[in-house]
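Beneath this line is the structure, given in structure tokens, with notes to follow.
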Amino acid sequence: MLVCAFYFLQVCCGVPVMRWLDPEQKLPRVVRWAAVPVVGLTVTGYVALVLALLIRSLSLAIALTALGAAVAITGWGWHGKCWRTGAWRRVRPALAAAAGHAARPTTWGVVLVLAIAAALSVQVLLPEKIFVQAVFVGWGDTALHLGLIEHFAVVQPFSLEHPFFASHPLSYPFFIDFLSGVYRRLGASTLLAFHLPTLTFLCCGLLLLYQCYRRLVTRRGLALLCLVLALFGAGLGWIWLGRDLQAAYQGGGSSAVLELLRAPPHEYTHLDVRTSGLPAGAETANNIMWIVPVVSFLTHQRAFTIGLALAVLVLLGAIFYRGTPRLARYGLLAGMLPLAHGHTFIALAIMFGGLLLAQPRASYVRFGLVTVVVAAPSLAYLWSAMHGGGQPFIQWWWGWMTCTHRNHWFACDVPADVGTDTSVLWFWTKNFGGVLWAWLAAVAAMLWVRARGHARQVFPLVVPSLLLFAAPNLLRFQPWEFDNNKIFFWWWIIALAIIGQAVALMQKRWCRVVVIAGLAVVVLPAGVMDVSARISRYTANHATYVGESEVLAAAWIRQSLPPDARIASAPTSNNFIPMLTGRAIALGYEGWLWSEGANFAPRRAAIEALARGEIGPACAQGITHVMVDADFTSKFAVDAEALAKVTTSLWRQTTDNGATREILSLGCPP
């Protein structure tokens with residue numbers, strides 16, 4: 001009940017914020033409706049975060065935020081004469097207009113796209129008898145988000161301590177997990193707290209993206225096509241799908257083909273051996289890793305949903321308020337992106353830098369200044385949190401995932417690693433396929449005809465699209481170069497807008513039909529195959545994070561250990577301590593920490609020394625307890641006798657597989 005009330009207040013708070021952002025009501029009504037939940041949850045969430053950091057209490061911060069939201073909504077309604085003049089009667093004609101839109105085929109197409117994306121998003125985390133299930137072991141990042149959510153919900157006093165790297169500041173864009181932590185603190189279940197903000201930002205963000213295409217492309221059908229290609233498009237993985245179908249037909253005829261379509265042997269947008277997240281851990285060594293966007297970005301990467309919604313709303317503001325001082329107001333939203341999704345903030349900076357180069361306007365400069373001022377505290381915090389990592393966070397790196405560069409930023413390693421390419425052009429073609437070449441053709445066409453009419457809205461996007469493609473091919477923006485795909489996604493979005501406008505400019509209808517059909521045939525098969533395989537196996541291929549023994553151990557930890565306990569345990573991706581108790585662990589999954597630029601070598605050395613019975617380094621690192629189980633023993637080669645001499649046993653259990661789990665207290669001096 002409290003969750004519903006607070007969520008309702010958040011959404012309602014978005015109404016006055018949108019009236020401030022859109023004072024002239026230039027944005028279409030459907031854009032304003034979709035933007036209200038986005039800005040409502042974002043603004044109130046940031047208010048709650050700032051208050052929680054100031055007063056060190058999340059519960060009190062939530063109460064003050066709710067009170068402030070109620071006062072703001074009431075004050076806006078009275079000041080704006082909404083209650084006194086019957087302005088709410090506008091709802092009726094708005095509903096009538098919505099009913100008119102519902103009769104259009106494109107509307108139903110957008111609804112279908114939103115439904116598929118929402119279903120895939122929910123599929124990532126499903127109910128299970130003991131706790132929850134997550135799709136595929138390799139997509140284990142959901143465990144990271146669950147740990148962050150539970151940590152925010154229970155940490156007292158409130159702080160931004162890293163739950164997977166205790167005593168260090170959190171260096172991961174955490175805002176959507178903070179929102180879920182707020183709902184969890186208010187009594188929401190794990191599933192509701194996880195899915196509520198994700199689905200809100202996902203559905204509103206995709207609707208805003210369609211409306212953005214609608215303004216740039218001008219034709220509803222083309223805007224819907226751009227949306228479909230943006231979410232379900234991929235590279236040339238269909239070539240390998242065709243080979244598999246041919247082999248199946250030769251081996252077993254039509255029945256074998258149908259069986260392959262029912263249960264594909266591969267993910268055809270993820271044919272590589274260098275990244276994980278696959279049912280078998282790896283695929284074929286074809287170096288195709290532009291995973292169909294609706295799966296890669298909008299399901300497993302839940303922070304991307306808020307990044308998408310905020311960034312597209314900012315782009316819509318730039319479309320309708322370009323050249324006016326009021327565009328600067330959208331800098332408030334852009335400045336909130338660093339803590340929400342860092343790569344989207346970088347992409348938005350590149351886009352507006354390109355817009356400024358293409359069309360120098362004072363409004364873009366003012367927008368940039370407001371963005372920098374609002375983002376400065378977040379950027380300063382993230383910089384300090386990432387400072388001292390094991391390697392440079394941003395580095396020269398040519399060709400994204402074409403090959404590895406251990407010795408030179410441009411030249412590929414010799415001998416070449418398995419699953420890499422020597423030709424960057426072939427790598428781009430395999431991964432981006434028809435969109436890459438159609439984009440290049442559209443850019444050439446735009447430069448040649450110097451587009452007229454509505455095309456002028458798209459022509460300035462040519463420069464940002466070129467920069468968005470060049471930047472992640474020249475620089476590595478995170479220690480794991482694969483994460484550059486989060487910037488490529490925005491090139492993909494803008495490129496499709498340019499392609500759509502180029503198609504709209506074609507005078508002859510048959511030319512448009514041929515180009516659209518060609519794009520669909522080349523861009524969609526691999527992505528549609530992977531999405532349909534996910535949907536058809538909706539409840540299959542799930543991995544249960546915890547068992548009954550973990551639930552019992554978590555219950556003991558919640559009852560017996562203080563919220564600020566720092567526990568040394570096995571650095572596995574499915575560690576139950578953060579997920580079920582919210583307590584911080586000394587060293588979590590090292591792959592996550594490495595990708596955040598953290599220098600965890602001293603912490604690992606301290607835990608290794610503790611396993612040998614040397615308590616000093618662990619105490620210096622702030623560790624208060626240690627959980628010894630089979631995973632911890634295998635990771636750190638525990639000397640049980642030596643460890644027992646320097647610790648006190650607090651609790652012991654036999655796990656589901658017959659092993660022993662024991663929680664020990666360190667006798668560190670005060």
Side-chain angles (χ1 to χ4, degrees), residues 225-249 257 260-261 264-275 277-279 282-297 398-403 412 416-444 465 468-469 472-473 481-482 484-485 487-496 498-500 502-503 514-534:
L225 174 67
C226 288
L227 180 66
V228 170
L229 293 176
L231 299 183
F232 305 108
L236 302 186
W238 52 267
I239 294 176
W240 286 266
L241 171 61
R243 293 173 181 174
D244 288 344
L245 290 172
Q246 182 181 17
Y249 182 78
V257 170
L260 185 145
L261 293 174
H266 304 293
E267 286 189 345
Y268 292 96
T269 64
H270 199 179
L271 295 170
D272 79 281
V273 295
R274 292 189 289 156
T275 62
L278 294 155
E283 280 284 359
T284 59
N286 299 115
N287 206 16
I288 293 180
M289 51 190 67
W290 177 250
I291 307 168
V292 56
V294 72
V295 171
S296 178
F297 302 109
W398 166 246
W400 186 33
M401 297 290 288
T402 302
C403 59
C412 295
D417 288 352
V418 175
T420 61
D421 287 292
T422 56
S423 169
V424 68
L425 188 61
W426 175 229
F427 170 77
W428 290 339
T429 301
K430 286 190 301 183
N431 281 271
F432 304 124
V435 170
L436 172 68
W437 293 103
W439 166 66
L440 291 173
V443 167
S465 72
L468 284 170
F469 189 78
N473 272 305
E481 62 271 17
F482 178 72
N484 273 15
N485 63 356
I487 297 177
F488 275 116
F489 175 80
W490 290 101
W491 161 78
W492 183 266
I493 292 291
I494 301 301
L496 286 167
I498 296 172
I499 293 168
V503 173
V514 169
V515 172
I516 290 172
L519 275 173
V521 168
V522 174
V523 176
L524 288 176
V528 169
M529 173 59 72
D530 284 357
V531 170
S532 61
R534 286 292 183 100

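Everything quoted here is computed from the prediction, not taken from an experiment.
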I need the minimum non-hydrogen distance between [X] and [Y], along with the two atoms involved.
| X | Y | value |
| --- | --- | --- |
| Gly235 | Ala526 | O-CB, 4.4 Å |
| Val292 | Thr269 | N-OG1, 3.2 Å |
| Val503 | Val515 | CG2-CG1, 3.7 Å |
| Ala520 | Pro525 | O-CD, 3.6 Å |
| Asn484 | Pro472 | ND2-O, 3.0 Å |
| Ala442 | Ile499 | CB-CA, 4.0 Å |

With distance as the sole criterion, is a donor-acceptor pair present between the side chains of [X] and [Y] under 3.5 Å?
| X | Y | result |
| --- | --- | --- |
| Ser296 | His270 | no |
| Asp417 | Thr420 | no |
| Asn473 | Trp428 | yes |

### Query
Can you name the side-chain hydrogen bond (donor to acceptor under 3.5 Å, both in side chains) partners of Trp398, sequence neighbours left out?
none
### Task
Identify, with sequence neighbours excluded, every residue that meets side-chain hydrogen bond (donor to acceptor under 3.5 Å, both in side chains) alongside Trp439.
Ser465
Nearest-0.5 Å distance that lies between atom [atom1] in [X] and atom [atom2] in [Y]:
| X | Y | atom1 | atom2 | value |
| --- | --- | --- | --- | --- |
| Leu519 | Ile516 | CG | CD1 | 8.0 Å |
| Leu227 | Leu496 | CG | CG | 10.0 Å |
| Asn431 | Phe488 | CG | CZ | 9.0 Å |

Is any side-chain heavy atom of [X] closer than 4.5 Å to a side-chain heavy atom of [Y]?
| X | Y | answer |
| --- | --- | --- |
| Trp240 | His266 | no |
| Met529 | Trp238 | no |
| Leu261 | Leu245 | yes |
| Val522 | Trp437 | no |
| Ile494 | Leu468 | yes |
| Leu436 | Trp491 | yes |
| Leu236 | Thr429 | yes |
| Thr422 | Cys403 | no |

### Query
Under the 3.5 angstrom rule, does the side chain of Asn286 hit a backbone N or O of Ile288 as a donor-acceptor pair?
no
### Query
Do the rings of Phe432 and Trp290 sit parallel, tilted or perpendicular, given the 30° and 60° boundaries?
perpendicular
### Task
Using the test salt bridge (charged side-chain N to carboxylate O under 4.0 Å, His left out), find all partners of Asp421 that sit at least two apart in sequence or belong to another chain.
Lys430
### Message
Could you go through Trp400 and Met289, starting from their C-alpha distance and side-chain angles, then the distance that decides it, and tell me whether this counts as side chain to side chain contact (heavy atoms under 4.5 Å, CB included)?
### Response
CA-CA 11 Å; Trp400 186 33; Met289 51 190 67; 4.2 Å; yes
### Sub-6.0 Å ring centroid separation between Trp492 and Phe232
no
### Query
Asp530 and Val295: side chain to side chain contact (heavy atoms under 4.5 Å, CB included), yes or no, with the steps?
CA-CA 9 Å; Asp530 284 357; Val295 171; 5.7 Å; no
